[in-house]
Amino acid sequence: MVKVITYGTYDLLHYGHIRLLERAKALGGYLIVGVTADDFDKTRGKINVQQSLMERIEAVRATGLADKIIVEEYEGQKIDDIRRYDVDIFTVGSDWKGKFDYLNEYCKVVYLDRTEGISSSEIRSEERKI
Ligand code: C2G
């Protein structure tokens, strides 16, 4: 079976995330989702994540699209995961286009079109207005 891996924060899970996960799953059949640990997000400049790691994992689990959920904790983990789980395809939204080309050495890299008009940051700022 073709194994696909994708990563993300999935804060306040929304339609854009779900569409990404649906298309990621459709690329293969077995989908591994890496959810970012809070400390890892801080190191990459994501400082205003609203939900805890457990809440974000539960939201991804609730979609029913992930066959396996792992936690992404450090820079460089993607290469380790691709090797550990014998991954065939790495995929992520097109907002990252080009950024993960280096993974082509380990598996196929696919950028899926980002869903326009929705983002966790927008939802967070809407919350502040209420
Ligand atoms: N996404 C999307 N459309 C949106 C918003 C997000 O397709 N409107 C996709 C992103 O491109 C990503 C996934 O949904 O593939 C998760 O998005 P985020 O939670 O914002 O996570 P991100 O910071 O993109 O983490 O190691 C982490 C990864 O590199 C990506």
Side-chain angles (χ1 to χ4, degrees):
M1 193 192 305
V2 175
K3 281 190 183 175
V4 182
I5 198 162
T6 192
Y7 295 85
T9 305
Y10 305 105
D11 190 29
L12 306 168
L13 193 109
H14 57 66
Y15 177 64
H17 296 141
I18 294 168
R19 281 199 68 228
L20 187 289
L21 293 174
E22 280 172 351
R23 287 171 293 155
K25 170 98 174 167
L27 286 174
Y30 187 87
L31 178 63
I32 304 170
V33 181
V35 180
T36 52
D38 298 323
D39 286 348
F40 179 59
D41 268 333
K42 283 184 194 123
T43 66
R44 64 190 196 109
K46 277 207 174 180
I47 48 165
N48 57 352
V49 175
Q50 302 288 298
Q51 294 184 300
S52 69
L53 173 61
M54 284 317 296
E55 288 171 322
R56 293 182 287 112
I57 287 175
E58 276 313 311
V60 170
R61 197 190 307 283
T63 67
L65 292 163
D67 294 286
K68 184 177 186 65
I69 298 176
I70 59 173
V71 178
E72 185 181 27
E73 293 176 286
Y74 58 90
E75 194 64 47
Q77 186 181 324
K78 291 181 176 76
I79 294 174
D80 292 346
D81 290 339
I82 289 165
R83 286 180 167 150
R84 181 178 301 128
Y85 300 111
D86 202 14
V87 166
D88 300 288
I89 301 175
F90 166 89
T91 190
V92 72
S94 55
D95 41 326
W96 292 97
K97 200 162 177 85
K99 297 269 168 47
F100 292 107
D101 287 357
Y102 69 93
L103 293 174
N104 266 310
E105 201 180 313
Y106 306 93
C107 66
K108 188 174 171 190
V109 175
V110 176
Y111 299 100
L112 293 168
D113 284 345
R114 183 183 164 85
T115 303
E116 293 307 321
I118 186 155
S119 75
S120 302
S121 352
E122 269 172 52
I123 297 171
R124 287 192 289 258
S125 64
E126 286 301 316
E127 277 181 343
R128 277 197 287 273
K129 279 185 217 154
I130 295 166

Please answer: with hydrophobic residues joined when any side-chain heavy atoms are less than 4.5 Å apart, are [X] and [Y] in the same cluster?
X	Y	result
I89	V92	no
I57	Y74	no
I70	V87	yes
L65	V2	yes
V35	I32	no

Approximate separation, where rounding is to 0.5 Å, of [X] [atom1] and [Y] [atom2]:
X	Y	atom1	atom2	value
L13	L21	CG	CG	7.0 Å
K97	K99	NZ	NZ	12.0 Å
T91	L112	OG1	CG	3.5 Å
Y85	D80	OH	CG	10.0 Å
S121	D11	OG	CG	9.0 Å
D88	I82	CG	CD1	10.5 Å

So does [Y] get a backbone contact from the side chain of [X], meaning a donor-acceptor N/O pair under 3.5 Å?
X	Y	result
R61	I69	no
Y30	K68	no
R23	D113	yes
Q51	R56	no
R19	Y15	no

(request) Only one of E73, E72, E105 passes salt bridge (Lys or Arg N to Asp or Glu O under 4.0 Å) with K78; say which it is. (result)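 Only one of E73, E72, E105 forms a salt bridge (Lys or Arg N to Asp or Glu O under 4.0 Å) with K78, namely E72.
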(message) Let's go through Y7 and V33 carefully: what are the C-alpha distance in whole Å and the side-chain angles of both, what is the deciding distance for side chain to side chain contact (heavy atoms under 4.5 Å, CB included) to 0.1 Å, and is it a yes or a no?
(response) CA-CA 6 Å; Y7 295 85; V33 181; over 6 Å; no
Heavy atoms only: give me the nearest [X]-[Y] pair and the separation to one decimal.
X	Y	result
V60	T63	O-OG1, 2.6 Å
V71	A37	CG1-CB, 3.8 Å
H17	S120	CE1-OG, 3.4 Å
L31	A24	CD1-CB, 3.8 Å
E55	S52	OE1-N, 2.8 Å

(request) Using a strict 4.0 Å threshold on nitrogen-to-oxygen distance, state whether E22 and K25 make a salt bridge. (result)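 Result for this pair is no, no salt bridge flagged.
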(request) Look at E75 together with R44 and state whether they make a salt bridge at an N to O cut-off of under 4.0 Å. (result)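 R44 and E75: not salt-bridged.
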(message) Quick check: do V4 and V110 have side-chain heavy atoms less than 4.5 Å from each other?
(response)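 Contact flag for V4/V110 side chains = no.
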(message) Taking the side chain as everything from C-beta on, heavy atoms only, tell me whether T115 gets closer than 4.5 Å to L20.
(response)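 No, side chains not in contact.
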(request) List in chain and number order the residues that pass side chain to side chain donor-acceptor pair (under 3.5 Å) with Q77, two or more places apart in sequence or in another chain; answer none if no residue qualifies. (result)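 Here the qualifying residues are D81.
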(request) Using side chain to side chain donor-acceptor pair (under 3.5 Å) as the criterion, list what pairs up with K46, not counting sequence neighbours. (result)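 Partners of K46 by the side chain to side chain donor-acceptor pair (under 3.5 Å) criterion, ordered by chain and then number, come out as T9.
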(request) Just say parallel, tilted or perpendicular for the rings of F100 and F90, cut-offs at 30° and 60°. (result)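 Tilted.
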